[in-house]
Number of protein chains: 2
Amino acid sequence: MNNSQFYKGSLSLIILKLLEENKRMYGYEITQRVKDQTNGELTINEGALYPALHKLEADGLLTASIEQAGNRPRKYYALTEKGQHETANKLAELTDFVKHMQLLLNPKLSLG
Amino acid sequence: MNNSQFYKGSLSLIILKLLEENKRMYGYEITQRVKDQTNGELTINEGALYPALHKLEADGLLTASIEQAGNRPRKYYALTEKGQHETANKLAELTDFVKHMQLLLNPKLSLG
DNA sequence: TTTTGATGCATCAATTATTGAGGCATATAT
DNA sequence: ATATATGCCTCAATAATTGATGCATCAAAA
C-alpha cells in the first residue's frame with residue numbers, strides 16, 4: 001500500500017467507503033480509484049486487496065456477483081446493511097485515532 | 001492499545017514523539033503519559049510496549065540506561081540522533097496518511 | 001499484619017494483516 | 001509478435017500486536 005506502517009488496518013475502511021459512494025465496484029476498479037483519488041501517491045496491493053474483499057464478504061459486510069465484461073469476468077461487490085453500519089463504525093474509529101494522535105503529538109494544543 | 005485497527009503501526013511514533021518532548025522516560029511512565037494525555041481513552045499494552053522499546057533500541061533510535069529508584073530498577077530511554085530523524089520521518093508519514101485518507105473519504109473536498 | 005493495588009520490568013504463543021512474488025487469462029495497441 | 005493494461009487469484013514469509021503470565025518492590029488499607 002505504501003512503505004509506511006500507518007496504512008495497516010485502513011484497507012477495509014477504504015474499500016467500504018468507496019463502495020458506500022459508488023454502490024458497486026470490482027476489485028481492479030478499486031485499485032484504480034484509489035490511485036486516481038490520491039494523485040497516484042497511494043497504490044493498493046492486489047495481494048492485500050483480494051483477501052480483504054473475501055474477508056469482508058465472509059463477514060457479511062459485502063455481497064459479490066460475477067458479471068461478464070466481454071469475455072472477461074468481473075466480480076462486483078456491494079455493501080450490505082451490516083456493511084453500512086460497519087463503515088460508519090470504522091469512520092468513527094479513524095476519527096478517534098486522529099483525535100488521540102493529535103492529543104499525543106501536539107500536547108500544546110490540548111492544553112490551550 | 002484499543003480495539004481499533006488504526007493504532008497498529010503507530011506505537012513507535014508515539015514512543016518517539018513522547019521522548020522528543022521529554023528527553024528521557026521509562027516504560028511505565030510512557031503508559032501513564034499516554035493514558036493521561038488522552039483522558040484515559042487510550043491505554044497502551046505492555047506486551048506491545050516493551051518489545052517495541054527493545055526494537056527501537058536495537059535499531060539505534062533509542063538508548064537505554066537503568067537507574068535505581070529506591071530498590072526498584074527503572075530503564076530510562078532517550079532519543080539518539082538517528083531517532084530524532086526517524087521521529088520527523090514518521091510524523092511526515094502520518095501527515096501523508098491523514099491526507100490520503102481525506103482524499104479517499106471526502107472526495108467532495110478534494111474536488112472543490 | 002496481611003493483603004490489595006500500584007509500580008516496574010519482562011517473555012511467549014497465537015492471531016492477524018500485509019508484502020512481494022507468482023500464476024493464469026483476455027484485450028488492445030505497437 | 002510483443003508489450004501493456006485489464007482482471008482474477010494464491011501463497012510463504014514477515015511483522016506487529018493481543019492477552020496471558022511471571023516476578024518483584026512498595027504503600028496503604030483492612
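Within every chain, numbering begins at 1; the chains are lettered A, B, ... in the order of the sequence lines, protein sequences first and strands thereafter.
Residue B/Tyr50 places at least one side-chain N or O closer than 4.0 Å to OP1 or OP2 of C/dC9. Close to C/dT18, at under 4.0 Å from its OP1 or OP2, lies no side-chain N or O of A/Tyr7. For B/Tyr26 and C/dG8, the shortest distance from a side-chain N or O to OP1 or OP2 is below 4.0 Å.
A/Ile66 and A/Lys75 get closest at one heavy-atom pair: CG1-CG, 3.9 Å. Across A/Leu103 and B/Thr38, no two heavy atoms sit closer than the pair CD1-CA, 3.9 Å. Here the closest non-hydrogen pair linking B/Glu21 and A/Leu105 is OE2-O, 3.6 Å.
Comparing B/Tyr28 and B/Leu53 by the nucleotide of DNA chain C whose heavy atom lies nearest to each, the residue mapping closer to the 5' end is B/Tyr28.
Ion pairing of A/Lys82 with A/Glu86 is absent here, as no side-chain N (NZ or NE/NH1/NH2) approaches a carboxylate O to less than 4.0 Å.
More than 12 heavy atoms of other shown residues, nucleotides or ligands fall within 6.0 angstrom of atom CD in B/Gln68.
Following rounding to the nearest Å, B/Gln32 (CD) and C/dG8 (C1') show an atom-to-atom distance of 10 Å. Computed from coordinates, the B/Ile30 CD1 to C/dT7 P distance equals 15 Å when rounded to whole Å. Residue B/Phe6 contributes atom CZ, which lies 10 Å from atom P of C/dT18 at whole-angstrom precision.
Scanning residues 55-74 of chain A for heavy-atom distances under 4.0 Å to DNA chain D yields A/Arg72, A/Pro73, A/Arg74.
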Would you tabulate the nitrogen or oxygen pairs shorter than 3.5 Å linking the protein to nucleotides 18-20 of chain D?
| from | atom 1 | to | atom 2 | distance (Å) |
| --- | --- | --- | --- | --- |
| D/dT18 | OP1 | B/Met1 | N | 2.6 |
| D/dT18 | OP2 | B/Met1 | N | 3.3 |
| D/dG19 | N7 | B/Asn45 | ND2 | 3.4 |

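With B/Val98 as the partner, the side-chain contact (heavy atoms from CB on, under 4.5 Å) test is satisfied by one option alone out of B/Met101, B/His100, B/Gln102: B/Gln102. Screening A/Tyr76, A/Tyr77, A/Tyr50 against A/Tyr26 for a ring-ring contact (aromatic ring centres under 6.0 Å, His included) leaves a single residue, A/Tyr76.
Between A/Arg74 and A/Glu29 the shortest side-chain heavy-atom distance does not fall below 4.5 Å. For the pair A/Glu93 and A/Phe97, the minimum side-chain heavy-atom distance is 4.5 Å or more.
Here the nucleotide nearest the side chain of B/His54, chosen from D/dT6, C/dT7, C/dT11, is C/dT11.
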